[in-house]
Each structure stands twice: as structure tokens, then as C-alpha cells.
Colleague: 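Before I ask anything, let me first share the structure, which is written out below as C-alpha cells.
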Amino acid sequence: MQIHLNGIKLNYHEEGSGPAIVMLHAFPLAGAMWHTQVALLREQYRVIVPDLRGFGGSEAPPGPYLMDTMADDVAALLTQLGIAQSAVIGLSMGGYIAFSLWRRHRQLLSALVLADTRAAPDNTEGQAAREANARLVEEAGPPAIATKMIPNLVAPSASQALRDELSRLIHANSSQGIAGALRGMALRPDSRPDLGSINIPTLVIVGTEDSLTPPAEAEAMHHALPNSTLVQIEGAGHLSNLEQPTAFNSALQSFFAA
Ligand code: MLT
């Protein structure tokens with residue numbers, strides 16, 4: 001479905017009924033990465049899956065897309081859908097946006113799942129690498145980013161079918177959208193000072209083979225989050241929900257049933 005908010009056209013998918021759960025996708029993918037989790041959660045929840053600005057079927061205005069702007073998009077979507085409070089599941093970039101939601105719209109949040117993400121900002125080297133990737137995608141298009149990133153997004157054992165699915169999702173995005181998110185992520189603030197204030201139930205998930213946001217980051221977040229549980233997913237890399245969907249879904253099920 002499409003909705004106009006904050007000056008752009010945002011695409012989102014909605015299924016099921018019950019308490020709301022919003023799922024925020026990773027970079028440089030789209031809401032479709034959550035299909036296995038939607039199939040589980042729609043049985044008991046109202047599941048809302050946006051394509052974040054710049055991705056999937058949503059509009060890709062000129063960047064940078066600040067995490068705060070993307071969080072405001074999500075808050076506006078919830079408000080337009082008449083949802084007063086929702087759980088938020090964010091993986092990687094989705095987690096960065098979840099931190100902005102906490103800072104700016106915490107009254108909307110009932111629980112958080114922070115998967116394969118980090119609270120720390122980019123260092124100077126990381127920011128330079130983002131800018132290099134933004135220039136690469138502007139010059140060579142999304143396939144160049146797919147080729148560069150996919151080996152780091154999944155564990156070495158990930159199937160060719162999953163790698164092909166990721167290629168399809170990345171190729172379907174625009175260069176402007178990918179560059180806009182890269183430059184926005186480079187500008188994101190340090191969320192570590194906020195962790196102690198996040199008092200809602202929080203599940204931290206990480207793939208044991210996640211090389212982009214490694215288990216040590218997840219453990220540090222878990223220790224700083226006063227109301228959190230940590231689940232490590234064996235054999236998964238950065239995209240733990242796609243790589244080990246059964247283990248990821250069972251972690252979600254235990255968390256939401258508690
Ligand atoms: C993601 O999966 O969203 C990205 O790896 C996040 C990042 O590049 O920091």
C-alpha cells in the first residue's frame with residue numbers, strides 16, 4: 001500500500017490483526033526481507049512493514065536520509081494508521097532508526113527488538129567508507145554495491161539462493177536511495193548514552209558470525225540496556241533473520257509471549 005507522508009510517497013505492507021509490530025529493514029534491502037517473520041507474526045499481531053524512504057516501492061528523494069527523518073516517517077505512518085503504540089523490530093539500519101524513534105517518539109514504543117545492529121556511531125574511517133560507497137553507487141549503480149556488500153552481509157555458508165534473493169532486492173533499489181541512506185547513516189549520532197534510558201522490554205539478537213555488527217557489540221548493548229535479553233543465533237551472519245529464520249522466529253516468539 002502507498003501513503004503520502006512527510007513530503008514523500010511511502011510504500012508499506014500490512015497483515016494480521018492484534019497488537020502492532022513494525023519491522024524496519026536493513027540497508028540496502030527493503031521490507032520484503034521480513035517475509036518469514038511476517039508469516040509467523042501475522043497470526044497474532046498487526047504487522048506493519050514499511051519500505052523505508054529510498055528503498056523498495058518508496059520514493060527516493062535526494063539524501064542524505066538522517067535516521068531521525070526515517071524515524072519521523074515511521075512515526076507518521078503509525079499515526080496515520082491510527083496506531084498509538086507498537087513494538088518495533090529493527091535489523092542493522094532498522095536498529096539505528098529504532099534508536100531515533102526512542103529519542104523522538106518513545107511514547108509510540110511498547111517493546112524493541114534490536115537485531116544485528118550497534119549503538120555506536122561511525123568513526124571517521126567508517127564515514128569515509130560510506131562516502132566511497134555512495135560515490136560507487138552513483139557511478140556504477142546498485143549491482144556494484146550488491147557485489148561489494150553481499151559477502152559481508154551473510155555467513156560464508158549462506159546459500160546461493162539467499163545471495164540471489166539479496167541481489168534482487170538490492171538491484172531493485174535506486175542509486176539515489178542507496179546513496180541517501182549511506183550518507184544519512186554516516187551522520188547518525190551516538191546512541192550509547194540513550195541505552196540506559198530504554199526501559200521497555202528489549203530483545204537483542206545477533207548472528208554468531210555477524211562480521212559487520214559482531215556479537216561483542218550486541219553484548220555491550222545488552223549490558224547497557226536495563227530490560228533486555230540477548231539471543232545469539234548460531235551460524236548466522238549479519239542478516240540473521242534471513243539466514244536462520246527458524247531460530248530467529250523462535251527468539252521472537254519467546255520474547256513476545258513473555
Ligand atoms: C545494514 O545491514 O543495515 C547495514 O549493514 C548497516 C550499516 O552499514 O551500518
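Computed from heavy atoms alone, side chains included, the values below leave out hydrogens, waters and symmetry copies. Numbering of ligands and ligand atoms starts at 1, following listing order.
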Colleague: Does L166 belong to the same Ile/Leu/Val/Met/Phe/Trp/Tyr cluster as V137, with side-chain heavy atoms less than 4.5 Å apart forming each link?
Modeller: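 Cluster IDs for L166 and V137 match.
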Colleague: If you have a sec, work out which protein heavy atom is nearest atom 7 (C) of ligand 1 and how many Å separate them, to one decimal?
Modeller: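 Checked against all protein heavy atoms, atom 7 (C) of ligand 1 sits closest to R130 NH1, 3.3 Å.
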Colleague: Any heavy-atom pair between the side chains of L78 and H105 that's under 4.5 Å?
Modeller: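 Sidechains of L78 and H105: no contact.
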Colleague: In terms of atom number and element, which parts of ligand 1 are under 4.0 angstrom from non-hydrogen atoms of L212?
Modeller: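 In order of numbering, the contacting atoms are 5 (O).
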Colleague: Run the numbers for me: atoms of ligand 1, each under 4.0 Å from some heavy atom of A26, listed by number.
Modeller: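 So the answer, numbered in order with elements, is 1 (C), 2 (O), 3 (O).
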Colleague: One residue to check: H238. Relative to ligand 1, which of side chain, backbone, both or neither has a non-hydrogen atom less than 4.0 Å away?
Modeller: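 For H238, the contact with ligand 1 is made by the side chain alone.
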Colleague: Quick check: L91 and ligand 1, any N/O pair under 3.5 Å apart?
Modeller: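 No, there is no polar N/O contact under 3.5 Å.
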Colleague: Enter the distance from M221:CE to L230:CG here, rounded to the nearest 0.5 Å.
Modeller: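 Nearest 0.5 Å value for the CE-CG distance: 8.5 Å.
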Colleague: If you have a sec, work out which protein heavy atom is nearest atom 1 (C) of ligand 1 and how many Å separate them, to one decimal?
Modeller: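 Nearest protein contact, heavy atoms only, for atom 1 (C) of ligand 1 is S92 OG, 2.7 Å.
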Colleague: Which of the numbered atoms in ligand 1 are under 4.0 angstrom from any heavy atom belonging to M93?
Modeller: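 Matching atoms, with element in brackets: 1 (C), 3 (O).
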Colleague: My understanding is that only one of T117, N152, T213 makes a side chain to side chain donor-acceptor pair (under 3.5 Å) with H238; could you say which?
Modeller: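 Exactly one candidate clears the test, T213.
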Colleague: Are the aromatic ring centres of F256 and Y45 under 6.0 angstrom apart?
Modeller: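 Yes, ring centres under 6.0 Å apart.
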Colleague: I need the nearest protein heavy-atom contact for atom 9 (O) of ligand 1: residue, atom name and distance, please.
Modeller: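 The closest one turns out to be Y96 OH, 2.5 Å.
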Colleague: Does any N/O atom on F27 come nearer than 3.5 Å to any N/O atom on ligand 1?
Modeller: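 Checking ligand 1 against F27, an N or O pair does fall under 3.5 Å apart.
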Colleague: In terms of hydrophobic clustering (I, L, V, M, F, W, Y; side-chain heavy atoms under 4.5 Å; direct or indirect links), are I178 and I8 co-clustered?
Modeller: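 Yes, I178 and I8 fall within the same hydrophobic cluster.
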Colleague: Do the side chains of E131 and R183 get close enough for a salt bridge, i.e. N-O under 4.0 angstrom?
Modeller: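 R183 and E131: salt-bridged.
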Colleague: When you look for heavy atoms under 4.0 Å from ligand 1, do you find them on the side chain of H25, its backbone, both, or neither?
Modeller: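 For H25, there is no contact with ligand 1 at all, from either part.
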